[in-house]
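Notes follow the structure.
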Amino acid sequence: MDWKALAAYTDKPIARSGEIIEREERVLPKAVAIKYFPMAIERGRGSLVWDADGNRYIDFLTSAAVYNVGHGHPAVVEAVREQVGKLQNYTIVYFYNDRPVRLAERLIETTPGTFAKKAAFAFSGSDGVDGAIRAARSFTGRRQVLCFKNAYHGMTTISLSVTAIVGREIRERVCPDRNVVFLEYPDPYRNSWGIDGYGDPEALTEAAMKEVEEALARHRGDVAALLIEPAQGDGGMIFPPRPFMRRLREVTEREGVVFIDEEVQTGMGRSGRWWAIEHDDVVPDLIVSAKALGGGLPISAIVGRADILDDLPSPLLAYTHTGHAVSCAAAEATLSVIRDEKLTEKAEEKGRRLADWFRRRAERFPFIGDIRQRGLLMGVEIVSDREKKSPDKAMALKISWAAWERGLLLITFGRDGNVLRLAPPLNISEELFLEALDRLEGALDDASSGRVPDGILTHLQGW
Ligand SMILES: Cc1ncc(COP(=O)(O)O)c(C=O)c1O
C-alpha cells in the first residue's frame, strides 16, 4: 500500500502506521491480506479502537465479526488472566483437562438438537470446516460435498476447495479437489434465474432446489455433505428465502447427507439468535463456529451429532493445541457475556434500527440498492442504477474511505465488492451507536457529493 500517496488525501496523522506498513510489506507475503486503509491498529476497548498514530475509531468491523462482546471485555480478560496464571495449556491429545470439557458442555447446551452431541476444537474457521468435512466423509463413506457459489469457507486445503469466492484457476492449481459441487445460493435480490426473491420466495426456492436435486441425482450415493452458511457473509450478507433451509434439511435427511451449518461469521448471537439457522427452525447435523467464539482468542468448534464426530478414527481431530485452555476459558466467558448481557436481544434491536436508518436515507442516496439485515448481521448493497441493480464498487469504497476519515471503521464485501459491511459489537453503547450513525451520515454525504477523490481508488485493494 502506497501510504505516502494516501497521506495526501487525509488530514489524519498516519506516519507511524506508515512505518509499520512498510515493514510489513518487507517481511509478510501479500497473500496474508486484502488491505483497506493505511492504519495499524494498536489498542482496543469496547467498541473503540485506536491506531498507532492515536486516531480513534468506532469499530463497525470488529476484526471481521470477532468482537461480538467488544474489545477487552473485562469478563474475557479476567478469564484469560486467571487461566494463564494457572496453566497456559497442556495438550489434551495425551492427557485430560477440564477446560475443553466445560466448553463442549456449554456449546452442546447452546446449539439446536436434542440428540447426543459432542464438540471438537481447533483454531480457525478454516480448520473447523475441514474437520466437519472430514467427519462427514468418514461417516458416510462418500466423497462429494455440495457447497455454494460465492461462499467463503477458509484457506486451509479442504476449506479452500469449497471456497468459491477465490478464482477457480488458482484454487485448482493449489488444491485440486474434484469432489466438490458448487450450486447457486438463492440471492433474493440478484440471481441468474431473474426471480424477484423478495416478492416470490417460493419460486426462488424452487429454482435453487432444482439445482440441488440435479446435483444429488448426478452424484447419487456419493454425496457426503451439504455445506452452507445460513447467511452468506463474505458473499455480501445474503439471506436465502425462508423455505430454502428447511427444504435442504428435508433432502439431506432423505439422502443421508450430512448437513453442515457453517456459522463461523453468523453465529454467537450476531443474528439476534445464538445461531442464525435458528431463524429457519432447522436442526443441522453439525455446526461450525469460530471468529466470535473466542472473544478475541483463536478457537474454532465443530458441534453436533456424536455418531458423526465419533466416526473419525483417532487422531483425525487431534492438534497439539486442541481445546487450548486459555482460548477455552475466553470462549466460556464470551458465552456467559452473550447470555448475561442479553446480547441476542440487543443485536436484534440495534440491527433493526440500523436497517431502518438506511431505509429512511434511501431516497436521499440513490446508490442504496438493497438493505439486508438480521440482527447485527448486515450488508448494504451500493449500486449505480437501482433499476438495473448495477454494482458500484467505487462508490462503496468511497463511502468506507469517508467513514474511515471520520473515525468509523467499516469495509466492503460481496461478489462485486460493492456491499457495505456493518458489524459493530453487539453490546455497543447507545452513545457510540448514535455517534456512529452521525459519522455514517457524513460519510454518505461526502461520497455522494463528490468530496471523496477518485485518486483513493487506485490505492484501496478491497474485496
Ligand atoms: C463464513 C466463514 N467461514 C470461514 C471463514 C474462515 O475463518 P478463518 O479465517 O478464521 O479461518 C470465514 C472467514 O472470514 C468466514 O467468514
Side-chain angles (χ1 to χ4, degrees), residues 28-29 31-36 61-68 120-134 145 147-166 171 174-175 180 182 185 187 225-240 245 259-271 275-277 284 286-303 319 321-322 324 327 330-331 334 372 374-379 410-415 417 419 421-423 461-463:
L28 301 192
V32 300
I34 304 164
K35 297 292 190 191
Y36 277 82
L61 176 61
T62 49
S63 192
V66 163
Y67 290 97
N68 286 10
F121 300 109
F123 321 102
S124 75
S126 309
D127 59 35
V129 168
D130 279 19
I133 292 176
R134 279 205 297 282
V145 177
C147 51
F148 290 86
K149 292 175 186 165
N150 299 318
Y152 187 98
H153 293 296
M155 286 297 127
T156 47
T157 306
I158 301 181
S159 65
L160 174 56
S161 75
V162 286
T163 289
I165 220 165
V166 171
R171 195 179 59 236
V174 298
C175 66
V180 168
F182 289 103
Y185 194 92
D187 175 354
L226 176 118
L227 172 72
I228 186 164
E229 298 165 83
Q232 230 178 22
D234 291 352
M237 202 48 72
I238 294 161
F239 299 94
M245 299 298 270
F259 190 121
I260 305 173
D261 172 30
E262 210 273 47
E263 298 247 12
V264 171
Q265 187 163 161
T266 54
M268 293 296 286
R270 180 158 288 283
S271 76
W275 309 101
I277 200 154
L286 300 175
I287 292 185
V288 181
S289 175
K291 286 190 185 274
L293 174 63
L297 269 73
I299 183 165
S300 63
I302 312 165
V303 193
Y319 310 91
H321 286 303
T322 249
H324 193 279
S327 295
T334 303
R372 303 191 277 264
R374 201 168 283 168
L376 278 169
L377 276 178
M378 186 155 170
L410 64 88
I411 64 166
T412 53
F413 58 9
R415 184 187 54 196
V419 181
R421 174 178 197 172
L422 300 138
Q461 190 182 349
W463 275 97

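One is the number of the first residue; the rest follow in order along the sequence. Counting starts at 1 for both ligands and their atoms, in listed order.
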Looking at T62 and A423, would you say the former's side chain and the latter's main chain have a donor-acceptor pair under 3.5 Å? yes

Who are the residue neighbours of ligand 1 when the rule is a heavy atom under 4.0 Å from any of its atoms? S124, G125, S126, Y152, H153, G154, E229, D234, E262, V264, Q265, K291

Give a yes-or-no answer on whether the side chains of D127 and T156 include a donor-acceptor pair shorter than 3.5 Å. no

Nearest heavy-atom approach of N150 to A164 is N-CB, 3.3 Å

Restricting to non-hydrogen atoms, name the atom on E263 and the atom on I277 that form the minimum distance, rounded to 0.1 Å. OE2-N, 3.0 Å

Polar side-chain atom of S300 near backbone of F123 as donor-acceptor pair, under 3.5 Å: yes

Sub-3.5 Å donor-acceptor pair from the side chain of Y185 to the main-chain atoms of I228, do we have one? no

